[in-house]
Amino acid sequence: MKTGDLINMLTTNIEAVDHRQVSRTLAAAVAGGAVIALGAALIMLGGRSNIRSDEALAFLIVKLTFAVAVTLLASVYLTRLVRPGVHWRGWMALVGVPFAGIVGLAAISLANAPALHWQAMFMGDEWLECLLSIPIIAIIPFALVIWAVRQAAPTNLRRAGALAGVVAGGLSAAGYALHCTADSLPFVAVWYGGTIMLCTLGGAVLGPRLLRW
Amino acid sequence: MSTNEEELKALMTAGLDGDAAAYRALLERLSRHLRSYYRGRLTRVGRGSFEAEDLLQEALLAIHTRRHTYDRAELFTPWIHAIARYKLIDYLRRINSSRGDVPIEDVGELTSRADHDEVESSIDLKRLMARLPVKMQWAIQYVKLDGLSVAEAARRSGMTESAVKVSIHRGLKALSAAIRPEQKS
């Protein structure tokens, strides 16, 4: 084929292009993922029962704030990253801020508690459930976000995959928070933070395979 | 800012708004820049101008089907350079060549050189088209190759106008994927 013939074909009867399409598709995928993650957590695991106490409510808010902050920061960065040639390295560090925040809070809480309680604070009664639930609930939101990223043009597939993992892990953690009764900051730092990292790692491994174009 | 950046960006923006003449001028200029870029890079791994033309056509299809990812608030040169480079690295990986062969270049380097010496690529559009679902083939044949209006194509194929548009969009994306040969492992 001659390149001139290809150009003829591509430029015949073109339509105007909506430049907001990229962010709109990604936003729709994140919103859809949020509905699925919250719904899956409430239907499969059930909402937490003791929400009436102030302490339980405070912990629910901390968990949700962490998960939502992670999701939003990663989504905004991902929206930039899927456009070729657009970068702002600062965002990479910014996505780490909620993680640093929760680890800081966990350290303060540990410093104010006797060492005897530390193990209970870290492990709670439901660490295994958390470890399994967050990655499992993250699968469908991850697929949605990957689908949206594929509609754009990521040029760093590993990083885009990793960020899709962060978004999916964050959404899933928000859903799981509605069920989880382990009210300790070290628990949230290790098991919420850790499982989101696990999703990030999974995304980084799958990204180059799922996102090529 | 170079004049190339300003001129190319103006053409791109007009093209995104639906100006076919500006869009054609853009793709013609880009094909000369990309030809020079790919020929220079592929010589280093022992490939010639035919492979470079294949890669150039693959890149043009990618540019076309992903043109909605260009953000008008940003410079155009980094966008086109990122796509050209992504397609080059993807190609080198396919032929099992090390990425170390890709030098770190200046973003402006791509648009500073041009090569008019066109050769025919090994890509057979008719053969690639034959692999698409038949509705996509009709839509692309009528509207993009025969130059019929979307309304006329809809009448002839019995599809709705929006189905014709969707078929063109999906068909070109499918062509863009098919033009890229499978990875040799």
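A note on names: the letters A, B, ... follow the listed sequences, proteins ahead of strands, and every chain is numbered from 1.
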Self-check item: Those residues of residues 112-125 of chain B, ordered by number, that approach chain A below 4.5 Å (heavy atom to heavy atom)
Solution: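 So far as heavy atoms go, B/Glu118, B/Glu120, B/Ser121, B/Ile123, B/Leu125 are the residues that approach chain A to under 4.5 Å.
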Self-check item: Contacts of residues 20-28 of chain B with chain A (heavy atom under 4.5 Å)
Solution: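 Listed by number: B/Ala20, B/Tyr23, B/Arg24, B/Leu27, B/Glu28.
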Regarding [X] and [Y], does a basic nitrogen lie under 4.0 Å from an acidic carboxylate oxygen?
X	Y	answer
B/Glu109	B/Arg85	no
B/Arg155	B/Glu152	yes
B/Arg72	B/Asp17	yes
B/Lys87	B/Glu58	yes

Under 4.5 Å from any heavy atom of chain A - which part of [X]:
X	answer
B/Leu128	neither
B/His81	neither
B/Asp19	backbone
B/Ile168	neither

Practice problem: Answer yes or no: does atom CZ of B/Arg170 have more than 12 heavy-atom neighbours from other residues, nucleotides or ligands under 6.0 Å? | Solution: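 Count not over threshold, so no.
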Quiz item: Above 12 or not: heavy atoms from other molecules or residues under 6.0 Å from CD1 of A/Ile140?
Solution: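 Counting neighbours around CD1 of A/Ile140, 12 or fewer heavy atoms of other residues, nucleotides or ligands fall under 6.0 Å, so no.
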Quiz prompt | Most chain B-contacting option - heavy-atom pairs closer than 4.5 Å, from A/Met1, A/Lys2, A/Arg83 | solution =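 Highest number of heavy-atom pairs under 4.5 Å: A/Met1.
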Considering only heavy atoms from C-beta outward, does the side chain of [X] approach that of [Y] to under 4.5 Å?
X	Y	result
B/Met159	B/Tyr142	no
A/Pro84	B/Thr69	yes
B/Ile63	B/Leu34	yes
A/Cys199	A/Val166	no
B/Arg180	B/Asp90	yes
A/His179	A/Tyr176	yes
B/Leu145	B/Met129	yes

Quiz prompt | chain B contact via A/Pro154 - which portion, at a heavy-atom distance below 4.5 Å | solution =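 The backbone, not the side chain.
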Quiz item: Which members of residues 9-26 of chain A, sorted by number, sit under 4.5 angstrom from chain B on a heavy-atom basis?
Solution: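 Hits under 4.5 Å: A/Met9, A/Leu10, A/Thr11, A/Thr12, A/Asn13, A/Ile14, A/Glu15, A/Ala16, A/Val17, A/Asp18, A/His19, A/Gln21, A/Val22.
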Exercise. Residue by residue, scan residues 55-70 of chain A and write down, ordered by number, those that have a heavy-atom distance under 4.5 Å to chain B; if none do, write 'none'.
Key: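 The list, in residue order, is empty: none.
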Quiz item: Out of curiosity, A/Leu163 CG to A/Tyr77 OH, how far, rounded to the nearest 0.5 Å?
Solution: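 A/Leu163 CG to A/Tyr77 OH: 6.5 Å, rounded to 0.5 Å.
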Self-check item: Between OG on residue B/Ser49 and CD on residue B/Glu53, distance to nearest 0.5 Å
Solution: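 CD of B/Glu53 is found 8.0 Å from OG of B/Ser49.
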Shortest non-hydrogen contact from [X] to [Y]?
X	Y	answer
A/Leu211	A/Trp213	O-CD1, 3.3 Å
A/Gly33	A/Leu144	N-CD1, 3.6 Å
A/Ala173	A/Tyr192	O-CE2, 3.7 Å

Quiz item: Passes side chain to side chain contact (heavy atoms under 4.5 Å, CB included), A/Val188 versus A/Leu105? Steps please.
Solution: CA-CA 10 Å; A/Val188 178; A/Leu105 288 175; over 6 Å; no
